[in-house]
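These numbers come from the heavy atoms of this one structure, side chains and all, not from hydrogens, waters or symmetry mates. We count residues from 1, following the sequence as given. Numbering of ligands and ligand atoms starts at 1, following listing order.
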Amino acid sequence: MAATIYTENDASLEPLRGKTCAVIGFGSQGHAHALNLKESGVNVVIGLYPASKSRKVAEERGFKVLDTADAVKEADVIMVAVPDTVIPKVYNADIAPNLTEGKTLLFSHGFAVHFKTITPPDNVNVIMVAPKGPGHLVRRQYTEGKGVPTLIAIYQDKSGNAKDIALAWAKGIGGTRGGVFETSFKEETETDLFGEQVVLCGGTTALVKAGFETLVEAGYQPEMAYFECLHELKLIVDLMFEAGIAGMRFSISETAEYGDVTVGPKIIDDHVKANMKAQLERIQKGEFAKEWMDEFNAGQPNFDRLRKEGKEHPIEEVGGRLRSLMSWVKKREIGGSQASYE
Ligand SMILES: NC(=O)C1=CN([C@@H]2O[C@H](COP(=O)(O)OP(=O)(O)OC[C@H]3O[C@@H](n4cnc5c(N)ncnc54)[C@H](OP(=O)(O)O)[C@@H]3O)[C@@H](O)[C@H]2O)C=CC1
Ligand SMILES: CC[C@](O)(C(C)=O)C(=O)O
C-alpha cells in the first residue's frame, strides 16, 4: 500500500504557537530548521556550548543564543542538532537534567535513539523530523519557496499529540511543500545510513573517482575526465530528478541509452549488489554504528587520514580550477561555521 503523504493543508503550525522551540547546535541542519521555523512565525532560541564558532553567526541572524542547558530549560520542544557522535555527551550533561515532564525531544536522524547511545525518559515526547536532504539545501529551498521532502517518526507519544507537533515542525521548515511521510526511527536510521554510504555519498564518490582515475590512467586529459565523470553527472541527475530514469533516457542520445542499458549492469553487477547487501546487514546489526562511535572516541585517526586523502585527490584540483571559470557556480568556502555556508 502506498504511504500517506502529508502536504501543506494536512499540517498546522498551531501545536507550536505560544511554545518555545530550542535548536541545540547551529550547523547544517540546525541553522536551516531554526531560520525556516523563525520565518514561519515560530519562537526559536538556539542552544550552543560557550566556545562555539556559530554563536556569533546565530546572533547575527537575530536569534537569542543560550548555553545548551539554559535553552533546554526555556523550551517546550528541543531539537538535538549536534553531530550524532556528540549527542551522548551533550544529552547527558545538558539536556537530560533539564528535560522535564511533557517536553518534546526532536531529532533529525534516529542514530542516537535507535542505537541507544542515549536513553530518553518515558515522560517526554520523542519524535523525528528528518528532511531527506542536506541542511544547506533545506534552507536554500525554503527561501526559494520550495521544500525538501521530509520524514516524521514518533518514538514516544507522552502528550497524545506528538504527531501533530512533528507535522507542525515539518510544515515550519518547508517539508510539507515537498511532501511528508511517516516512518519509524528504525527504518529512517537504517535506510539513511544505507543511502549515504552505498549510493548518495560513498557509492557516488567512489564511482566518480574510479571513472576519473580510469580515464586519466589511460592518458586522457584530467579536464576531460572531470567533465565526463563529475560535472556532467549533475546534469544527468537533474534530468532523473525531473522525470525519472526514463525521462533522462528520453533526453540522451540512443547511442548513450544503448550503452547505459547494456554496460551499466556490467559495472554495477551482482558482486556490487552483494557488497550493498553486506553493508546493509552491518548497519542493521549495529556494527557500523559501533565502529563509528569507537573511531570517534579514539580521536578519529582513520577518518582524519581518509578525509585528507580525499581532499588531496587530483579531481579536487582540476575541479576547483574548472569551476572557477563558471561564473554561475557560486564560490564556496569550506570550513568555519556550517551556518555560514549559504
Ligand atoms: N548535515 C545534514 O544535512 C544532515 C544531518 N542530519 C542530522 O542532524 C544532526 C546534526 O548534524 P549536522 O547538522 O550535520 O551537524 P553539524 O556538524 O553541521 O553542526 C553541529 C552543530 O552542533 C554544534 N555543537 C557541537 N558540539 C556541541 C555541544 N557540545 N553543545 C552544543 N552544540 C554543539 C556545532 O557547533 P560549532 O558550530 O561550533 O561547530 C554545530 O553548530 C545529526 O543528528 C545528523 O545526523 C540529518 C539529516 C541531514
Ligand atoms: C546524504 C547525507 C545525509 O544522510 C542527508 C543529507 O540526508 C546526511 O546525514 O547528511
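- Between the side chain of Asp269 and the backbone N or O of His271, at least one donor-acceptor pair lies under 3.5 Å.
- Not one N or O on the side chain of Asn161 forms a donor-acceptor pair closer than 3.5 Å with the backbone of Pro15.
- Lys89 and Tyr49 form no side-chain donor-acceptor contact under 3.5 Å, judged by distance and modelled atom types alone.
- Shown are His231, Glu316, Arg323; of these, the side-chain hydrogen bond (donor to acceptor under 3.5 Å, both in side chains) with Tyr226 is made only by Arg323.
- The distance between the ring centers of Phe26 and Phe63 falls below 6.0 angstrom.
- Panel note: side chain Lys103, backbone Val72; a donor-acceptor pair is recorded below 3.5 Å.
- A donor-acceptor pair shorter than 3.5 Å cannot be found between the side chains of Glu188 and His114.
- At distances below 3.5 Å, not a single donor-acceptor pair connects side-chain atoms of Thr183 with backbone N or O atoms of Phe181.
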Write 'none' if nothing qualifies; otherwise put on separate lines each N/O atom of ligand 2 with a protein N/O atom under 3.5 Å away and their distance to 0.1 Å.
from	atom 1	to	atom 2	distance (Å)
ligand 2	4 (O)	Asp192	OD1	3.1
ligand 2	4 (O)	Asp192	OD2	3.3
ligand 2	4 (O)	Glu196	OE1	2.6
ligand 2	9 (O)	Glu196	OE1	3.1

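- Every protein residue with a heavy atom nearer than 4.0 Å to ligand 1 is included here: Gly25, Phe26, Gly27, Ser28, Gln29, Leu48, Tyr49, Ser52, Lys53, Ser54, Thr68, Ala81, Val82, Pro83, Asp84, Val86, Val90, Ser108, His109, Gly133, Pro134, Gly135, Gln338.
- Leu137 contributes atom CG, which lies 9.5 Å from atom NZ of Lys146 (distance to the nearest 0.5 angstrom).
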